[in-house]
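First the structure, in the form of structure tokens, and then the observations on it.
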2 protein chains.
Amino acid sequence: MTDSVVLDPVDLEILRLLQNDARTTYRDLAAQVGVAPSTCLDRVNRLRRGGVILGHALRVDPARLGRGLQALLSVQVRPHRRELVGPFVERIRALPEARTVFHVTGPDDYLVQVAVRDMADLQRLVLDEFTSRREVARVETRLIFQQWECGPLLPPRDPHGAPSAYQGDENP
Amino acid sequence: MTDSVVLDPVDLEILRLLQNDARTTYRDLAAQVGVAPSTCLDRVNRLRRGGVILGHALRVDPARLGRGLQALLSVQVRPHRRELVGPFVERIRALPEARTVFHVTGPDDYLVQVAVRDMADLQRLVLDEFTSRREVARVETRLIFQQWECGPLLPPRDPHGAPSAYQGDENP
DNA sequence: ATTGAAAAGAGCAGCGA
DNA sequence: TCGCTGCTCTTTTCAAT
């Protein structure tokens, strides 16, 4: 399914450091990991090509952009068939208010994280873009008080005490 | 509350481009926006100081790290008081499986996005880290089929046809 | 695969307009 | 506020180990 990706401790440490600060230079990276800068570059490029690193995203403060209110909308799309949900997702993704769309199991089909200016804006969004649609059977709105990003994503530790290096799925 | 932040069309275009690829050089940025590279640097630094740009995040593929299964856990914490929820959030954030924690309105207090290896791993996580805790009154697990990040975050367009530049809250 | 050194390129400050 | 010039640091390449 995925390309062969083998991550040794050097790769893991680089990933961990870059997730803490994606702008760390190869020089600093090299110093902290204990290899040459050119080796770091090589590793990072390999992680890129291997699809482990998908890209670099700018973290922006929604409040400073006039979107101080965020919410999660649980949406039921009926009937839940490809010809309906495909366009639904694309339409939602195109909304300037949308941040993330989750397709999930359970009674509600989608969870949509949105960032809006204020309550009036949220009301407008829900009414105009969700409940007014025929394929949208139900919308439940939960406001987001606060949101925390968690620590760097790392491979799970092997529960059986196997070597710490993680080996991805192979597909030669 | 926030510093004075005024965003003109140049700032907005820079933000839009950087959200697509945060590693775009000032030179390329300048070429696409139509100003001098030094101006781009100046603008970006201002956006940094103004708190609009919070930092740079590395986007990583969880599946390539052996965390091919993601889920959203709705968690009810009872009693929902500061002395309980503070430590709860910190404990959850420290879990290597946790990606994002939302504090939300509604019957469930928290939404926790987790990335695990497989179903057995998810079961272990729910049982050991959530339902076994006394302050956790209820956990509802929804699996994530798929997840989409949406377009760049931009200021809302003014509904009254005012100038397109967005002016943040002032506090001189 | 990793390295050090050298070349190419980008970041950054100062200055003049 | 903008754009130019020049210096410094980073990134990237490459031959050798």
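Residue numbering restarts at 1 for every chain, and letters A, B, ... go by the order of the sequence lines.
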task: Considering only heavy atoms of chain A and a distance under 4.0 Å, specify the first and last nucleotide of DNA chain D in 5' to 3' order that meet this criterion.
output: D/dT10 to D/dT13
Indicate every side-chain donor-acceptor pair of residues 23-42 of chain B with a distance under 3.5 Å to a residue at least two apart or in another chain.
| unit_1 | atom_1 | unit_2 | atom_2 | d |
| --- | --- | --- | --- | --- |
| B/T24 | OG1 | B/D21 | O | 2.7 |
| B/T25 | OG1 | B/D28 | N | 3.2 |
| B/D42 | OD2 | B/R46 | NH2 | 2.6 |

- request: Enumerate the residue pairs fulfilling side-chain hydrogen bond (donor to acceptor under 3.5 Å, both in side chains) with a member in residues 132-146 of chain B, sequence neighbours excluded, ordered by first and then second residue.
  value: B/S74-B/R142, B/D108-B/R138, B/R138-B/E140
query: For B/H103, which residues count as a ring-ring contact (aromatic ring centres under 6.0 Å, His included) partner, sequence neighbours excluded?
result: A/F145, B/H80, B/Y110
query: Rounded to the nearest 0.5 Å, what separation is found between the CG atom of A/L47 and the CG atom of A/L7?
result: 6.5 Å
Sequence neighbours excluded and cut-off under 3.5 Å, please list the side-chain donor-acceptor pairs for residues 83-95 of chain A, or say none.
| unit_1 | atom_1 | unit_2 | atom_2 | d |
| --- | --- | --- | --- | --- |
| A/E83 | OE2 | A/R81 | NE | 2.9 |
| A/E83 | OE2 | A/R81 | NH2 | 3.0 |
| A/R91 | NH1 | A/E129 | O | 3.2 |
| A/R91 | NH1 | A/E129 | OE1 | 3.2 |
| A/R91 | NH2 | A/E129 | O | 3.1 |
| A/R93 | NH2 | B/E149 | O | 3.2 |

message: Suppose clustering is done on Ile, Leu, Val, Met, Phe, Trp and Tyr with side-chain heavy atoms closer than 4.5 Å. Which residues sit in the same group as A/V104?
response: A/L72, A/F102, A/L111, A/I144, B/L72, B/F102, B/V104, B/L111, B/I144
- request: Not counting sequence neighbours, which residues clear side-chain contact (heavy atoms from CB on, under 4.5 Å) with A/D61? List them please.
  value: A/A63, A/R64, B/L54
Spacing between A/D8 atom CG and C/dA1 atom C1', to the nearest angstrom: 10 Å
message: Among residues at least two apart in sequence or on other chains, which ones pass salt bridge (Lys or Arg N to Asp or Glu O under 4.0 Å) with B/R43?
response: B/D8, B/D11
- prompt: Tell me, for nucleotides 12-17 of chain C in 5' to 3' order, what letter each nucleotide earns: B for a base near a protein heavy atom under 4.0 Å, S for only sugar-phosphate near one, - for neither?
  reply: B-----
message: C/dT2, OP1 or OP2 - any side-chain N/O from A/R43 closer than 4.0 Å?
response: yes
message: I want to confirm an ordering. Mapping A/D28 and B/R46 to their closest nucleotides on DNA chain D, which one lands closer to the 5' end?
response: B/R46
Pairwise 5' ranking along DNA chain C for B/T25 and A/G34, keeping only the more 5' one: A/G34
- request: Pick base, sugar-phosphate or nothing for A/T39, based on heavy-atom distances below 4.0 Å to the nucleic acid.
  value: base
query: Looking at A/E97 and A/R117, does any basic side-chain N land under 4.0 Å from a carboxylate oxygen?
result: no
field: Which residues share a salt bridge (Lys or Arg N to Asp or Glu O under 4.0 Å) with B/R16, sequence neighbours left out
entry: B/E13
message: Suppose we screen for side chain to side chain donor-acceptor pair (under 3.5 Å). Which residues come up paired with B/Q113, at least two apart in sequence or across chains?
response: B/Q147
- request: Using whole Å, report how far CG of A/L29 lies from P of C/dT3.
  value: 13 Å
field: Angle of first-five versus last-five pair axes in the helix from C/dA1-D/dT17 to C/dA17-D/dT1, to 10 degrees
entry: 30°
